[in-house]
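First comes the structure, then the notes that go with it.
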Amino acid sequence: MRLLVTGGAGFIGSNYIRYILSAHPDYQILNLDKLTYAGNPENLKDIETIPNYTFVRGDICDRESVRGLEFDAIINFAAESHVDRSILDSSPFLRTNIMGTHNLLETARERDCIFLHVSTDEVYGSTENGFFTEDSPLRPNSPYAASKASSDMLVRAYVETYKIRAMITRCSNNYGPYQFPEKLIPLVIINALDKKPIPVYGDGMNVRDWIYVEDHCRAVDAVLHKGAAGEVYNIGSRNERPNIEVIRLLLGKVAERLDLNEKDLTGLISFVKDREGHDRRYAIDPLKIERQIGWGPLMSFEEGISKTVDWYISNKQWWERIISGEYMRYYDAQYRERLKK
Ligand code: NAD
Ligand code: TYD
């Protein structure tokens, strides 16, 4: 199978490519990524020379970017993904998440290929109790969530109107290796290692439903192979936690691993002004994917958090190069090397 993976240099996309190359070593992977601030080719350094893996720098909003590329399915991870950035400036979110998805839908329509759209539980909005199912109404609250909901609506419209073979997955909050340090979990680990304040929005009691990234990658692969066209699948681990509990667990692990005083680390916690429109609770019901596809999470939260803390401790250079901005130069340096050959 030949897969066009968009956004493969980001957090989940790079984990997905690594997973696919080990689960299906015969697959051809084309990674189409614009390399925005969130795209980091160093995430794929260990596999960039594998013969059936090819990186193409390109924008999903640009029709030309897929010209000449051959593939059987598109897995669309490419997006602007950070809620705080969408509050500061939503324009790139509308462009990439809506117009970019539209462009890929047109490509899928022209080529009659499978289109798997990677979406989020944030499209359902916030709920104080109960769980969102695939039939829950879409009530996005942040500009990010609204742009993802818009793209989901377009996918639905293309299925209904043009009968394209598309599926949507809506996953809960991911964590694990290679997550960009603006997101809660890597931010807490790195700030703890650097002894910097750990900003907690509001009262710290907002609830997120956390899933280990590899479990998400396996779920996307399962939907690609066993999912039905036109269907939506929620992906979640039934693992709701208030933010402050996650933060305390992380600080406890960092203290344990580095033999530090836990109290010194919890002293870094700093309650700050709440995020505008901060969703109180996300919680999804993953029963459909469990029953119909036979997928279930393998990683417990305790173990996943331990692995993640260990990864950030062992990969200091990776995140230091992000914080210094050095990582942005990696692609250009590689590219220049290739031109010389
Ligand atoms: P990320 O921000 O780490 O990576 C996004 C990638 O997309 C980057 O490599 C970036 O360079 C690329 N990109 C951005 N705009 C592009 C464009 N116009 N053309 C080509 N490439 C472009 O994001 P992530 O956390 O890996 O999320 C991946 C997908 O999963 C997104 O669609 C997101 O909405 C969805 N999702 C994320 C989570 C989560 O917890 N992180 C949860 C559910 C769903
Ligand atoms: P985040 O990782 O940005 O994911 P999302 O907003 O998509 O759920 O944030 C997870 C939760 O952590 C969310 O409730 C906001 C909160 N948060 C903080 O309290 N402090 C921070 O510095 C960040 C980045 C997030």
Side-chain angles (χ1 to χ4, degrees), residues 5-16 31-41 43-44 56-62 65-66 75-87 92-93 95-101 103-104 117-123 126 141-142 144-145 147-149 151-152 168-176 178-188 191 197-211 213 216-217 219-220 234-236 241-244 246-247 269-275 277-282 284 331:
V5 178
T6 70
F11 163 49
I12 307 174
S14 61
N15 277 283
Y16 178 75
N31 174 9
L32 175 70
D33 199 296
K34 185 180 174 182
L35 297 184
T36 65
Y37 80 92
N40 182 355
N43 295 356
L44 292 158
V56 180
R57 191 174 194 177
D59 187 335
I60 60 164
C61 300
D62 173 12
S65 64
V66 292
I75 320 293
N76 185 30
F77 288 98
E80 286 294 334
S81 70
H82 192 43
V83 173
D84 291 327
R85 285 179 191 260
S86 81
I87 295 169
F93 289 74
R95 185 178 177 277
T96 289
N97 300 2
I98 306 176
M99 299 307 291
T101 302
N103 195 30
L104 294 174
H117 182 60
V118 179
S119 191
T120 164
D121 62 354
E122 301 193 26
V123 297
S126 183
N141 293 318
S142 70
Y144 161 68
S147 67
K148 292 295 289 189
S151 61
D152 287 17
I168 298 174
T169 57
R170 296 192 181 128
C171 191
S172 60
N173 281 63
N174 285 225
Y175 69 98
Y178 300 102
Q179 187 165 30
F180 199 82
E182 65 191 352
K183 302 277 166 61
L184 181 72
I185 287 184
L187 185 86
V188 170
N191 284 14
I198 292 164
V200 183
Y201 301 164
D203 61 3
M205 290 308 289
N206 296 63
V207 171
R208 296 294 181 264
D209 190 351
W210 295 98
I211 183 171
V213 63
H216 181 193
C217 295
V220 170
N234 284 347
I235 302 171
R241 311 270 165 158
N243 292 337
I244 195 72
V246 175
I247 294 167
I269 292 176
S270 161
F271 288 90
V272 299
K273 187 174 149 299
D274 208 356
R275 174 188 275 172
H278 195 176
D279 282 336
R280 195 65 176 162
R281 174 174 171 262
Y282 297 143
I284 48 169
Y331 175 77

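Here the structure is a predicted model, which means the values were calculated and not measured. Counting convention: from 1, in listed order, for ligands and their atoms alike.
From the protein, the heavy atom lying nearest to atom 4 (O) of ligand 1 is G10 CA, 3.4 Å. Looking from atom 15 (C) of ligand 2 to the surrounding protein, the closest heavy atom is H278 NE2, 3.4 Å. At the top of the distance list for atom 7 (O) of ligand 2, counting protein heavy atoms only, stands E122 OE2, 2.6 Å. Atom 21 (C) of ligand 2 has its closest protein heavy atom at Y201 CZ, 3.4 Å. Nearest protein heavy-atom contact of atom 22 (O) of ligand 2 is L187 CD2, 3.2 Å. The closest protein non-hydrogen atom to atom 40 (O) of ligand 1 is N174 N, 2.9 Å. Among protein heavy atoms, the minimum distance from atom 24 (C) of ligand 2 is reached at E182 O, 3.3 Å. Scanning the protein heavy atoms around atom 20 (N) of ligand 2, the nearest turns out to be P199 O, 2.8 Å. Distance from atom 10 (C) of ligand 2 to its nearest protein heavy atom, with residue and atom name: L184 CB, 3.9 Å. Of the protein's heavy atoms, R275 NH1, 2.5 Å lies nearest to atom 6 (O) of ligand 2.
Between the CG atom of N103 and the CD1 atom of I98 there is a distance of 13.5 Å, given to the nearest 0.5 Å. Separation of atoms CG (N97) and CD1 (I60) is listed at 7.0 Å; rounding is to 0.5 Å. Distance check: E182 CD to Y37 OH gives 3.5 Å after rounding to the nearest 0.5 Å. R280 CZ to R208 CZ: the interatomic distance, rounded to the nearest 0.5 Å, is 9.5 Å.
Residue contact check: V200 has heavy atoms under 4.0 Å from atoms 19 (O) of ligand 2. Using a 4.0 Å cut-off to heavy atoms of N173, the atoms of ligand 1 that qualify are 40 (O). Heavy-atom contacts of K183 reach the following atoms of ligand 2: 2 (O) (cutoff under 4.0 Å). Listed by number with element, the atoms of ligand 2 under 4.0 Å from a non-hydrogen atom of V83 are 6 (O), 7 (O). For ligand 1, the atoms lying closer than 4.0 Å to a non-hydrogen atom of S172 are 42 (C), 43 (C). Heavy-atom contacts of A9 reach the following atoms of ligand 1: 9 (O) (cutoff under 4.0 Å). Those atoms of ligand 1 with a heavy atom of K148 less than 4.0 angstrom away are 31 (C), 32 (O), 33 (C), 34 (O). Taking every heavy atom of N173 and a limit of under 4.0 angstrom, the matching atoms of ligand 2 come to 4 (O), 5 (P), 8 (O). The N243 neighbourhood of ligand 2 comprises atoms 11 (C), 12 (O), 13 (C), 14 (O), 16 (C), with distances under 4.0 Å to a heavy atom of that residue. Close approach of ligand 1 to S119 is summarised as follows: ligand atoms under 4.0 Å from at least one heavy atom of the residue are 43 (C), 44 (C). The distance from ligand 1 to the heavy atoms of G39 drops below 4.0 Å at these ligand atoms: 8 (C), 9 (O), 10 (C), 11 (O). Near H82, with a cut-off below 4.0 Å to any heavy atom, the atoms of ligand 2 are 3 (O). Near G58, meaning under 4.0 Å from any of its heavy atoms, are these atoms of ligand 1: 19 (N), 20 (C). Ligand 1 places these atoms under 4.0 Å from at least one heavy atom of G7: 6 (C), 7 (O), 9 (O), 12 (C).
You'll find the side chain of L104 stays beyond 4.5 Å of the side chain of H117, heavy atoms only.
For atom 30 (O) of ligand 1, the nearest non-hydrogen atom from the set D59, V118, L35, N40 belongs to V118. In this structure, of F11, Y178, F77, the residue bringing a heavy atom nearest to atom 28 (C) of ligand 1 is F77. Of the options I12, V213, D33, the smallest heavy-atom separation from atom 11 (O) of ligand 1 is shown by D33. With atom 5 (C) of ligand 1 as the reference point, the heavy atom nearest to it among S81, A79, G236 is part of A79.
Contacts of T6 with ligand 1, taken as heavy-atom pairs under 4.0 Å, are absent altogether. Neither the backbone nor the side chain of Y37 has any atom closer than 4.0 Å to an atom of ligand 1 (non-hydrogen atoms only).
What you find for C171 and N174 is that their closest heavy atoms are SG-ND2, 3.5 Å. Taking every heavy atom of both residues into account, I284 and D209 meet most closely at N-OD2, 3.3 Å. In plain terms, the two heavy atoms of S172 and I211 that are nearest each other are OG-CG2, 3.6 Å. Counting all heavy atoms, side chain and backbone alike, D203 lies closest to F271 at O-CE2, 3.7 Å.
The closest side-chain donor-acceptor pair between S81 and K183 falls under 3.5 angstrom.
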Note to self: As a quick check of understanding, evaluate side chain to side chain contact (heavy atoms under 4.5 Å, CB included) for H216 and V118, giving each step before the final call.
What the structure shows: CA-CA 10 Å; H216 181 193; V118 179; 4.0 Å; yes
Next item on the list: Using the side chain to side chain contact (heavy atoms under 4.5 Å, CB included) rule, take I87 and R275 through it: C-alpha gap first, then chi angles, then the decisive distance, then the call.
Entry: CA-CA 9 Å; I87 295 169; R275 174 188 275 172; 3.6 Å; yes
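Residue L32 places no N or O, backbone or side chain, under 3.5 Å from any N or O of ligand 1. Considering backbone and side-chain atoms together, I60 places an N or O closer than 3.5 Å to an N or O of ligand 1. At least one N/O-N/O distance between Y144 and ligand 1 falls below 3.5 Å. Ligand 1 has no nitrogen or oxygen under 3.5 angstrom from a nitrogen or oxygen of T120. The distance criterion of under 3.5 Å between nitrogen or oxygen atoms is met by R208 with respect to ligand 2.
Using a 30° and 60° split on the angle between ring planes, Y175 and W210 fall in the perpendicular class, above 60°.
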